[in-house]
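Since this is a predicted model, take the numbers as computed values, not measurements. Proteins come first, then strands; the chains are lettered A, B, ... in the order of their sequence lines, and each starts at number 1.
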Amino acid sequence: MTHDTEYNFAYLDEQTKRMIRRAILKGLAVPGYQVPFASREMPMPYGWGTGGVQVSAAVLMPQDTFKVIDQGADDTTNAVSIRSFFQRTAGVRTTTATSDASVIQTRHRIPEERLTEDQILVYQVPIPEPLRFLEPRESETRKMHSLEEYGLMHVKLYEDISRHGHIATSYAYPVKVEERYVMDPSPIPKFDNPKLGNMPAIQLFGAGREQRIYALPPYTSVISLDFEDHPFEASKADHPCGLCGAIDSYLDEVITDDQGGRLFVCSDTDYCENRRNAGHKGKDAA
Amino acid sequence: MYVAVKGGERAIENAHAWLAEERRGDTAVAELGLAQIKEQLKLSVDRVMAEGSLYDPDLAALAIKQSRGDLIEAIFLIRAYRTTMPRFGSSKPVDTGAMACDRRISATFKDLPGGQVLGPTFDYTHRLLDFKLAADGEVPETAMRKADAGHVPHVTKFLNQEGLIEESPQDDTAPPDLTREPLEMPANRASRLQALARADEGFTLGLAYSTQRGYGRNHAFVGELRIGAVPVEMDIPELGFAVEIGEVTLTECETVNQFKGSKTEPPQFTRGYGLVFGQSERKAISMALVDRALRWKELGEDFENAPAQDAEFVLYHADNIQATGFLEHIKLPHYVDFQSELELVRKLRREAVSAQVQEAAE
């Protein structure tokens, strides 16, 4: 696809990018704090990753290599659409290989492969406020964050345990950043939570509709909330990948017939492909 | 043998091609021209301009054509286009007293300076399908009269002479620009009015209606409703004076609300205000009612837990582009989240079943 020169590089005008970069820098300076920013109306709907797209637009440079994943896969329709948007408006090189990308925009997953200091991971965030479903008012939740008043969250987790015997949150599992801010990691499965902490790459979170940006600088301490007697557990489907045999990757469940047939495959398609190219084979692979 | 689903790119291209074909419809039927939309679907054009926050009937007509008549989709197209436009500055406040009124009515006075002008309204039409229109839309010539020149004073001014209505609060600080600054709470009245002016018509109507039915009741009368063109002036720094750069058609509604007084304010009438691009009466009246409901705090009224009084509730949910985006995004793939929920539910069920079995054995 050719670069469309009718638009400024990466679509947004320079002043807007500068405004977003200021929010990003503030976010990096105060890890886990939600920075309000004047989110723009993008040519894709709210809920489709407008926050992530604006953050990517603000950090992309012409020499960057860009990767987009949705549910771990490069070929899901919205990932395809966002990738082609930046091909068109920024003319940047794109890739599906995690290790080749300098900027990775993601929805709902962290790649399996460990990222490096040369990479930026941009998350699309629907509801940036981890306390939102405990307290619907923004004016209240901002107060709770500034007073570090997180008792309500612990009560909620405790109630889960007393009712179900477990913390009944399986994705968007809340974390505490550098022992200060409770943060929503975006709706990644809790399997991915341990990757958030101590990550060499920069992690940026963009919520367009809610007009918030937050960030984790490299090697930040990120702890999933839990209790001593109910420690956090990163869980996944208890199967190996049917295609590459991986036992350490997050799996999607695919319905293969109407007789209850199930197949479990890596959600990270690049990871799975690399393993298969290296000769690994699962039980369902040809 | 299982092959992972591929082909998102081609699926999208094909979907777009199909959409274009559906938009055009039967090619044996003449294609809809933008001028036809602009002239004959004017109220749609007005709504798209109002909620799109961009006064440009030609672009609004294009957006309506492109969106196949889905007005929220058209508003979205206009919003997305609008953000890419450079900002040259801001106009001087428009003087609605200088409006060339096509319509001007007051529900509070039988007659008043400037007169009652019905204008092009559906109000007293009988809602009977006009089958003649299906065949032939020719209309007989309308009676003409010379327009009244000069200022049409606002009704609230007359009440103000007696001190019966609150002074409209004067505030000369530059209003914030919602499209350039994030909305933060508590929002001042300028921000609230700005958000309401571009708010979804249906949502605003529902909220306003709820105040009439008792959820934050404030007894509104339409003091005045006027529709017409007003000139837009802008200060040109190089010239040192203001120049008229065009005109916009606006609908303005001022409500007069009963107010028995509070701990801080004497009994007097209070105001609600609505101002919307184009001819959008339903929206302007709704806006005025909701504006008034949101003013409970400054007037020292009680918060009755009514939705229309709750600025956070109203302002965070009134924008249809935000709302429709977030609502519809749940049709995007969520199988990663769903998978983790599946695992959780299976685990909880396993434990619940084994607990039951154990209980039965004991």
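Here the CZ-NE2 distance, from R107(A) to H329(B), works out to 5.5 Å after rounding to the nearest 0.5 Å. Between the CE atom of M185(B) and the CZ atom of R142(A) there is a distance of 12.0 Å, given to the nearest 0.5 Å. D337(B) CG to K190(A) NZ: the interatomic distance, rounded to the nearest 0.5 Å, is 13.5 Å. Taking CG from L342(B) and CZ from R262(A), the interatomic distance works out to 8.0 Å, rounded to the nearest 0.5 Å. For the atom pair NE2 (H108(A)) and NE2 (H334(B)), the distance works out to 4.5 Å, reported to the nearest 0.5 Å. Distance OG/S267(A) to CD/Q339(B): 9.5 Å, rounded to 0.5 Å.
Heavy atoms of R40(A) lying under 4.5 Å from chain B belong to its backbone as well as its side chain. Y173(A) does not touch chain B: none of its heavy atoms, backbone or side chain, sits under 4.5 Å away. There is no contact between M19(A) and chain B, counting heavy-atom distances below 4.5 Å. Proximity to chain A is limited to the backbone of E181(B), based on heavy atoms less than 4.5 angstrom apart. Heavy-atom distances place the side chain of Y250(A), and not its backbone, under 4.5 Å from chain B. Within the 4.5 angstrom heavy-atom criterion, no atom of F191(A) approaches chain B. Within the 4.5 angstrom heavy-atom criterion, only backbone atoms of L251(A) (N, CA, C, O) approach chain B. Both the backbone and the side chain of D252(A) come within less than 4.5 Å of a heavy atom in chain B. Looking at L348(B), only its side chain comes within 4.5 Å of chain A, counting heavy atoms on both sides. Contacts of Y316(B) with chain A are made by side-chain atoms alone, with heavy-atom separations under 4.5 Å and no backbone atom involved. At a 4.5 Å heavy-atom cutoff, the contact between H164(A) and chain B is made by backbone and side-chain atoms alike. Contact annotation for D310(B): only side-chain heavy atoms (C-beta onward) come within less than 4.5 Å of a heavy atom of chain A. Proximity to chain B is limited to the side chain of T76(A), based on heavy atoms less than 4.5 angstrom apart. Heavy atoms closer than 4.5 Å to chain A are found nowhere in T324(B), neither backbone nor side chain. There is no contact between T16(A) and chain B, counting heavy-atom distances below 4.5 Å.
Contact detail for L332(B) and G47(A): the closest heavy-atom pair is CD1-O, 3.7 Å. Across all their heavy atoms, W48(A) and K331(B) have their closest contact at CH2-CE, 3.9 Å. Across all their heavy atoms, Q211(A) and P182(B) have their closest contact at OE1-CA, 3.3 Å. Closest approach of P189(A) and V336(B) over heavy atoms only: CD-CG1, 3.4 Å.
A side-chain donor-acceptor contact under 3.5 Å links Q71(A) to the backbone of Y335(B). Checked by atom type and distance alone, the side chain of R82(B) never pairs as donor or acceptor with a backbone atom of E41(A) at under 3.5 Å. In this structure, the side chain of Q322(B) does not engage the main chain of Y46(A) through any donor-acceptor pair within 3.5 Å.
Counting heavy-atom pairs under 4.5 Å between each of P43(A), G49(A), S235(A), A38(A) and chain B puts A38(A) at the top. Interface check for chain B: of the options D238(A), T77(A), T169(A), the most heavy-atom pairs under 4.5 Å are formed by T77(A).
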Practice problem: Might you work through the side chain to side chain donor-acceptor pair (under 3.5 Å) test for E312(B) and S139(A), ending with a clear yes or no? | Solution: CA-CA 8 Å; E312(B) 280 210 44; S139(A) 47; 2.4 Å; yes
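Side-chain contact between P45(A) and E328(B) is absent, with no heavy-atom pair separated by less than 4.5 Å.
Taking the charged nitrogens against the carboxylate oxygens, D319(B) and R209(A) have no contact shorter than 4.0 Å, which rules out a salt bridge.
Counting non-hydrogen atoms of neighbouring residues, nucleotides and ligands closer than 6.0 angstrom, the CD atom of E14(A) exceeds 12 such neighbours.
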